[in-house]
Engineer: 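I'd like to ask some things about the structure below.
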Amino acid sequence: MADLYLKSLEAERRKLWAECRLKGLAKGTPQRLRIEELDGLLMEHRAKSAC
């Protein structure tokens, strides 16, 4: 069964990362901070799913 929550987190992260690369955004910008937050959420979700 597809994990829609995981897919939505990954999609948002890819979108933000592409935006940061195109615009050359530095660390500390809201988009980069959201990427870091998403990384944490992805790790938590994957750890929970592995159990």
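Computed from a predicted model, the values in this text were never measured in an experiment. Excluded from the calculations below are hydrogen atoms, water molecules and symmetry mates; all remaining heavy atoms, backbone and side chain alike, are included.
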Engineer: I'd like to check the side chain to side chain donor-acceptor pair (under 3.5 Å) partners of Arg46; sequence neighbours left out, ordered by chain and number.
Structural biologist: Glu10
Engineer: Could you list the donor-acceptor pairs under 3.5 angstrom formed between side-chain atoms of residues 19-26 and any protein atom two or more places apart in sequence or on another chain?
Structural biologist:
| residue | atom | partner | partner atom | Å |
| --- | --- | --- | --- | --- |
| Glu19 | OE2 | Lys23 | NZ | 3.3 |
| Glu19 | OE2 | Gln31 | NE2 | 3.2 |

Engineer: So, using salt bridge (Lys or Arg N to Asp or Glu O under 4.0 Å) as the criterion, who are the partners of Glu36 when residues are at least two apart?
Structural biologist: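 Counting only residues at least two positions away or on another chain, Glu36 forms no salt bridge (Lys or Arg N to Asp or Glu O under 4.0 Å).
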Engineer: Do His45 and Ser49 make a side-chain contact, defined as non-hydrogen atoms from C-beta onward lying under 4.5 Å apart?
Structural biologist: yes
Engineer: In the hydrophobic cluster built from side-chain contacts under 4.5 Å, what are the other members alongside Leu16?
Structural biologist: Tyr5, Leu6, Leu9, Trp17, Ile35, Leu38, Leu41, Leu42
Engineer: Going by the rule salt bridge (Lys or Arg N to Asp or Glu O under 4.0 Å), which residues pair with Lys27 if we only count those two or more places apart in sequence or in a different chain?
Structural biologist: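 If we apply the salt bridge (Lys or Arg N to Asp or Glu O under 4.0 Å) test to Lys27, skipping adjacent residues, there are no hits.
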